[in-house]
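Step one of this worksheet: look at the structure below.
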Amino acid sequence: MDLHFSQPPSGIEWSDWHWQLAHAARDFSTVARYLGVPEDMFSADASTAERYPLLVTPYYLSLAHSPEASDPILRQCLPTQAETNQQKQLGGHPDALAEEANSPVPRLFHRYPDRVVFNTGNLCAVHCRHCLRKRDWEKCLPPPTDADMDAICKYLSAHSEIREVLISGGDPLMLPEECLQNIVERLSAVPSIEMLRFGSRVPCVLPQRVTPRLAAILASGKSAWLATHFNHPWELTKETAQATQILHRAGLSLVNQSVLLKGVNDDADTLAKLFTGLLKIHIKPYYLFHGDPIQGTMHFRTGLQKGLDIMNRLRGRISGMALPAFAFDLPGGAGKIRLQPEQLAEYDANGNPVFTSWDGKRVPYPD
Ligand SMILES: *Cc1c(COP(=O)(O)O)cnc(C)c1O
Ligand code: SF4
């Protein structure tokens with residue numbers, strides 16, 4: 001929808017990420033002004049914004065189709081009292097995946113033998129209401145210092161079984177360019193590191209930030225992949241297509257990780273549009289995550305069965321390349337589980353398995 005500005009931006013300003021960040025909304029009165037609605041529309045949610053601060057770029061806000069609280073874009077970026085009301089009733093843990101407990105060196109989360117997650121700070125362009133690391137918003141986790149990088153590289157060198165670093169945050173694409181360049185150089189200088197995997201919501205919420213210069217930095221070290229985070233087909237715009245093209249031209253490969261969110265994308269038609277739309281701009285849907293039991297995000301959880309039903313409806317109906325793995329993280333840092341809809345129906349009289357095809361036929365398979 002069109003936003004309201006006291007001084008409307010020129011086209012050049014709108015496509016400049018500096019302008020977008022300088023005009024990001026950090027309170028409800030700015031949001032109300034941009035959306036052209038009365039501020040008291042949000043009065044019930046104001047105290048939630050004190051606990052979990054509001055942050056959204058004008059670009060992302062403009063993707064909403066209406067100022068209703070049920071709008072799938074607004075649901076992802078505007079605080080609601082559901083985030084704070086639930087703490088007693090619904091439970092949830094600030095760090096349900098025990099990332100802090102699996103951290104051998106500050107900022108590294110090590111759960112699998114050959115890959116490690118690196119938290120580069122808590123800068124983001126938008127505060128996604130379903131964020132897994134919401135616990136960090138109140139902390140100030142600055143970009144890594146040289147001493148941090150020394151400790152990290154020492155650990156990686158001593159553990160040559162680690163081949164891949166997942167560069168996460170916050171959002172690593174929000175780091176100052178020199179800092180990002182330094183991270184890429186330092187990690188790539190560790191001989192046993194073969195791949196860097198960036199995780200970023202910037203191509204979705206601030207695609208203007210993806211410049212050829214930024215893409216060149218990302219691609220300047222070891223083999224570079226970038227996992228984007230698109231959750232809804234309205235997030236696929238000409239700006240995101242352009243950002244994606246810049247990243248591809250620089251030599252990055254792109255995959256997408258979505259979160260299944262109640263009231264945002266928990267139906268097969270919405271996800272079919274999202275996944276096929278991603279494929280069209282050469283982003284491979286990689287994971288569809290069931291929401292983790294994180295404090296302040298419980299109202300977005302759908303239940304595993306809902307996700308399985310959706311995956312079953314999508315199976316066969318859209319390109320197999322468009323189908324992500326439906327997955328969730330076990331509590332306590334025990335790792336990911338991929339789930340498939342039930343396809344093995346029974347065994348026939350000859351002992352052969354009988355499968356249910358995508359359109360519901362029972363087909364025996366000569367085992
Ligand atoms: C998700 C995750 C990974 C990456 O898992 P993939 O299945 O390779 O995408 C690695 N380390 C941690 C701690 C994770 O949570
Ligand atoms: S960009 Fe990522 S880290 Fe930042 S708030 Fe959104 S989900 Fe959380």
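Atoms within a ligand are numbered from 1 in the order they appear, just like the ligands themselves. All values reported here derive from a predicted model rather than from experimental measurement.
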- Message: Under 4.5 Å between side-chain heavy atoms, counting indirect links through other Ile/Leu/Val/Met/Phe/Trp/Tyr residues: same cluster for Phe198 and Met149 or not?
- Response: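 Yes, it is one cluster - the side chains of Phe198 and Met149 are joined through contacts under 4.5 Å.
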- Number of protein N/O/S atoms that sit closer than 2.8 Å to atom 8 (Fe) of ligand 2: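 Counting protein N, O and S atoms closer than 2.8 Å to atom 8 (Fe) of ligand 2 gives 1.
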- Message: Suppose I only count heavy atoms of Trp137 and a 4.0 Å limit; which atoms of ligand 2 are within that range?
- Response: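 That gives atoms 5 (S) of ligand 2.
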Main chain of [Y], side chain of [X]: is a donor-acceptor contact present, judged purely on distance under 3.5 Å?
{"X": "Thr240", "Y": "Thr237", "answer": "yes"}
{"X": "Asp266", "Y": "Gly263", "answer": "yes"}
{"X": "Ser258", "Y": "Phe230", "answer": "yes"}

- Within 45° of the six-membered ring axis of Phe328 and under 6.0 Å from that ring's centre, is NZ or CZ of Lys336 located there?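 Because its charged atom misses either the 6.0 Å distance or the 45° angle limit, Lys336 does not stack over Phe328.
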- From the options Arg115, Lys222, Glu194, select the one residue that forms a side chain to side chain contact (heavy atoms under 4.5 Å, CB included) with Glu164.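 By the side chain to side chain contact (heavy atoms under 4.5 Å, CB included) criterion, Glu164 pairs with just one of Arg115, Lys222, Glu194: Arg115.
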- Task: Using a strict 4.0 Å threshold on nitrogen-to-oxygen distance, state whether Asp150 and Arg186 make a salt bridge.
- Result: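 Yes, Asp150 and Arg186 are salt-bridged.
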- Those residues that, when tested against Ser157, pass side chain to side chain contact (heavy atoms under 4.5 Å, CB included) (two or more places apart):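 Ser157 satisfies side chain to side chain contact (heavy atoms under 4.5 Å, CB included) with Val190 once adjacent residues are dropped.
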- Of the side chain and backbone of Val126, name the one, both, or neither that has a heavy atom under 4.0 Å from an atom of ligand 2.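 Backbone only.
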- Message: Can you list every protein residue that has a heavy atom under 4.0 Å from any atom of ligand 1, sorted by chain and residue number?
- Response: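 Ligand 1 is contacted, at a heavy-atom distance under 4.0 Å, by Arg111, Tyr112, Arg115, Val117, Leu166, Arg197, Tyr286, Tyr287, Lys336.
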- Would you please test Asp136 and Lys134 for salt bridge (charged side-chain N to carboxylate O under 4.0 Å, His left out) and show each step? CA-CA 5 Å; Asp136 281 346; Lys134 242 176 153 157; over 6 Å; no
- Message: Once salt bridge (charged side-chain N to carboxylate O under 4.0 Å, His left out) is applied, what residue pairs with a partner in residues 207-221 remain, sequence neighbours excluded?
- Response: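 For residues 207-221, and leaving out neighbouring residues, the salt bridge (charged side-chain N to carboxylate O under 4.0 Å, His left out) pairs sorted by first residue read Glu177-Arg209, Glu177-Arg213.
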